[in-house]
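All remarks here apply to the structure that follows.
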There are 2 protein chains.
Amino acid sequence: MILRTSTDIGNLVRDRRKGRGWTQADLAKRLGVSRLWIVQLEQGKDTAQVGLVLRALNELDVPVQVDLQSAASMRSGTSYREIPFVDIDNIIREATGPIKR
Amino acid sequence: MILRTSTDIGNLVRDRRKGRGWTQADLAKRLGVSRLWIVQLEQGKDTAQVGLVLRALNELDVPVQVDLQSAASMRSGTSYREIPFVDIDNIIREATGPIKR
DNA sequence: ATACCATGTTAGCGAACGATGACAATTGCA
DNA sequence: TGCAATTGTCATCGTTCGCTAACATGGTAT
């Protein structure tokens with residue numbers, strides 16, 4: 001699922017919150033924000049502070065990720081990053097065994 | 001790549017902007033924000049308005065997505081990750097300074 | 001019907017945003 | 001080295017955030 005607007009975020013937050021059986025007051029208390037802020041976030045308020053939004057998504061176990069492979073700046077021809085990609089998860093896995101998820 | 005904090009977003013924005021050869025003023029003009037706002041965003045300002053941040057990422061062709069499958073599995077497991085998260089990009093950045101392009 | 005709970009709305013207030021403009025510091029190139 | 005472009009910092013100002021408190025609305029069960 002791709003997030004383009006604050007409305008997308010609002011819908012996602014509401015779904016995830018309800019999926020856990022939490023009230024707006026529950027989530028607000030966990031985040032240390034007011035219930036009013038949760039109401040407005042779920043309504044798609046686009047002036048909400050990004051730090052609070054990220055904390056909300058983290059609290060709801062929603063990993064926010066970007067796929068730079070499909071991103072468009074690779075078009076330019078010049079290489080985006082001269083340092084080779086390193087998958088730290090694989091390195092850790094080989095050293096210590098499987099990562100619990 | 002997973003975005004957890006505003007610092008992650010700041011680093012990403014800076015990398016993508018430079019990858020396109022844009023100045024801060026260029027990006028600011030495209031977004032209709034001040035250059036100061038771009039400076040602070042790239043510095044990881046966590047009080048930036050989420051709507052503007054999403055517009056910045058869209059302008060830089062960075063698709064923001066969530067993987068609800070892994071989110072569900074994270075919830076069911078006893079612990080999400082026993083090994084501390086390591087951001088290899090930040091390690092490289094701090095060790096080498098800005099990446100030349 | 002009514003008691004209860006969750007959600008939505010409004011008003012007022014202190015705090016902080018984002019803008020502008022100017023200047024300093026840094027980077028890159030001839 | 002020296003110059004120009006880019007980036008970082010600061011002060012000020014109008015606007016708006018997020019908070020608290022109170023009240024309204026909607027759904028549910030007894």
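Protein chains get the first letters and strands the later ones, always in sequence-line order, with residue 1 at the start of each.
- Taking the 5' to 3' direction, DNA chain D first and last meets chain B under 4.0 angstrom from a heavy atom at D/dT6 to D/dC10.
- Listed by residue number, the members of residues 45-55 of chain A with any heavy atom below 4.0 angstrom from DNA chain C form an empty set.
- Every pair passing salt bridge (Lys or Arg N to Asp or Glu O under 4.0 Å) that includes a residue from residues 34-43 of chain A is listed here, sequence neighbours excluded: A/Arg14-A/Glu42, A/Arg17-A/Glu42.
- When each of B/Val39 and A/Ile38 is assigned the nucleotide of DNA chain D with its nearest heavy atom, B/Val39 is the one assigned upstream, toward the 5' end.
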List, one per line, each side-chain donor-acceptor pair under 3.5 Å for residues 43-55 of chain A, sequence neighbours excluded.
residue, atom, partner, partner atom, Å
A/Lys45, NZ, A/Gln40, OE1, 3.2
A/Arg55, NH2, A/Leu31, O, 2.4

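- Contact between A/Val13 and A/Leu57 at its shortest, heavy atoms only, is CG2-CD2, 3.9 Å.
- What separates CZ of A/Arg17 from C1' of C/dG8 is a distance of 12 Å, to the nearest Å.
- The distance from atom CG of B/Leu27 to atom CZ of B/Arg16, rounded to the nearest 0.5 Å, is 12.0 Å.
- Residue contacts shown for A/Gln43 are limited to sugar-phosphate atoms, with no base heavy atom under 4.0 Å away.
- Proximity of a side-chain donor or acceptor of B/Asp8 to a complementary backbone N or O of B/Thr5 within less than 3.5 Å is detected.
- Judged as a salt bridge (charged side-chain N to carboxylate O under 4.0 Å, His left out), and not counting sequence neighbours, the contacts of B/Arg30 are B/Glu59.
- Rounded to 10 degrees, the angle between the two end axes of the helix from C/dA1-D/dT30 to C/dA30-D/dT1 is 50°, with five pairs used at each end.
- Residues of residues 22-35 of chain A that place a heavy atom closer than 4.0 Å to DNA chain C, in numerical order, are A/Thr23, A/Gln24, A/Arg35.
- For the pair B/Ile9 and B/Leu12, the minimum side-chain heavy-atom distance is 4.5 Å or more.
- In this entry the distance linking CD of A/Gln40 with C1' of C/dT10 reads 11 Å, nearest Å.
- The distance from atom CG of A/Asp67 to atom CD of A/Gln65, rounded to the nearest 0.5 Å, is 8.0 Å.
- The minimum heavy-atom distance between B/Gln24 and B/Val39, with the atom names listed, is OE1-CG2, 3.2 Å.
- With sequence neighbours left out, the side chain to side chain contact (heavy atoms under 4.5 Å, CB included) criterion links A/Asn58 to no other residue.
- Partners of B/Thr23 by side chain to side chain donor-acceptor pair (under 3.5 Å), not counting sequence neighbours, listed by chain and number: B/Asp26.
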